[in-house]
Amino acid sequence: MQALTVQPGEAGSARVEDVPEPEGGAVLVRALALGICGTDREIARGEYGWAPEGRERLVLGHESLGRVLEAPEDSGVAEGDLVVGVVRRPDPEPCECCAQGRFDLCRNGEYTERGIKAIDGFGSERWRIEPEYAVRLDPALDRVGVLMEPTSVVAKAWDEVDAVFARSCAQPRSAVITGAGPIGLLAALLAVQRGLETHVLDIVTDGPKPELVRDLGASYHSEPILDTGVRPDVVIECTGAGPVVFDAMAATAAPGVVCLTGVSPAGRSIKIDAGALNRTLVLENDVVFGSVNAAHQHYELAAAALAAADHGWLERLITRRVPLAEATDLLEGGGDDIKAVVEF
Ligand code: BGC
């Protein structure tokens, strides 16, 4: 079968090639779609990623969507089901978080991730998965279910924000989402679903993003957060851009919560007034935290959020669909795309 593979650590090594049929999990899945994100592009540039032990190449891809071809009886999934695969697996000797099913909070870094860290991904015509890591989707989501994995990431971010407010006397009324890429737009969807007054910031002034934001019932801004006059209770930061990140921390109401989801490259310095920032965080009882990946419960939250969303709106997030043979084109750069997807 054909697969999109890469040699981690080696820039420009991605290619579509023949690979053996998948091994491993008891559920066999026919791939329908694969989403490509910044992490895949980072791996393709040789800057991230690990091949499985004893191998040079890794099957790329962690944003999956497929249809079950074979599944054991009583496995919770059956032939014909629409499924996505959970990305992360716990460390072999579980830390206290992995032992409780919270591998997204792994403490020792020994976790593995499909298509990213030491286990093959979902970028092949067929893939196998352990039944407990296959998440069933509403059959009506067959055109947009590939958005599940990024939605699970923002569902976790929101779940953690909720946990902060659960111990507070204040409840959030407004949110700013920085960045109108797929993560930002999906974070905005969940903000609107929570009934929050939602603002989305991005640098672009044209293209589909402003309209997508407005159609969600949110406000779009292309100026820096501190110039908007908005003092949000929550910021979900989805750019990873240094100045945007620090402005977000300064912009919140008291007590404000900032959740950082953007993975930024290291090695760039910016000048900040550390004293002023610290003062704001302290005097406002603010909380700033990072969030990555997602556990089972967040996939369930994501499945519910997608099922409740306007499917036409979700479909507009997927701005490019290419066949597997052209998959490496999507690894060059995001271009103007919101979400680019490989179709099988
Ligand atoms: C994926 C996460 C993963 C992270 C770090 C992201 O692109 O969505 O599931 O944990 O990369 O590897």
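Ligands are counted one by one from 1 in listed order, and the atoms in each one are counted from 1 as well.
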Give the atoms of ligand 1, by number and element, whose distance to some non-hydrogen atom of [X] is under 4.0 Å.
{"X": "R88", "value": "10 (O)"}
{"X": "Y48", "value": "5 (C), 12 (O)"}
{"X": "H62", "value": "1 (C), 7 (O), 8 (O)"}
{"X": "V292", "value": "4 (C), 10 (O)"}
{"X": "N293", "value": "2 (C), 3 (C), 9 (O), 10 (O)"}

Part of C37 with heavy atoms under 4.0 Å of ligand 1, whether side chain, backbone, both or neither =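 Just the side chain.
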
ask   = Does a donor on one side chain sit under 3.5 Å from an acceptor on the other, for H298 and E300?
value =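 No.
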
Is [Y] paired with [X] through a side-chain N to carboxylate O contact shorter than 4.0 Å?
{"X": "R128", "Y": "E23", "value": "no"}
{"X": "E79", "Y": "R30", "value": "no"}
{"X": "E160", "Y": "R102", "value": "yes"}
{"X": "R41", "Y": "E332", "value": "no"}
{"X": "D91", "Y": "R107", "value": "no"}

query = According to the salt bridge (Lys or Arg N to Asp or Glu O under 4.0 Å) rule, which pairs have a member within residues 255-280, sequence neighbours left out?
reply =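 Sorted pair list comes back empty.
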
task = May I ask which of E63, E42, E113, K156 has a heavy atom nearer to atom 10 (O) of ligand 1 than the others do?
result =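 The nearest heavy atom belongs to E113.
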
Protein contact of atom 8 (O) of ligand 1 - nearest heavy atom, named by residue and atom, plus distance =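 Nearest neighbour among protein heavy atoms for atom 8 (O) of ligand 1, to 0.1 Å: E149 OE2, 2.8 Å.
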
key: Protein contact to atom 11 (O) of ligand 1 [nearest heavy atom, distance to 0.1 Å]   =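 Scanning the protein heavy atoms, the shortest distance from atom 11 (O) of ligand 1 goes to T39 OG1, 3.3 Å.
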
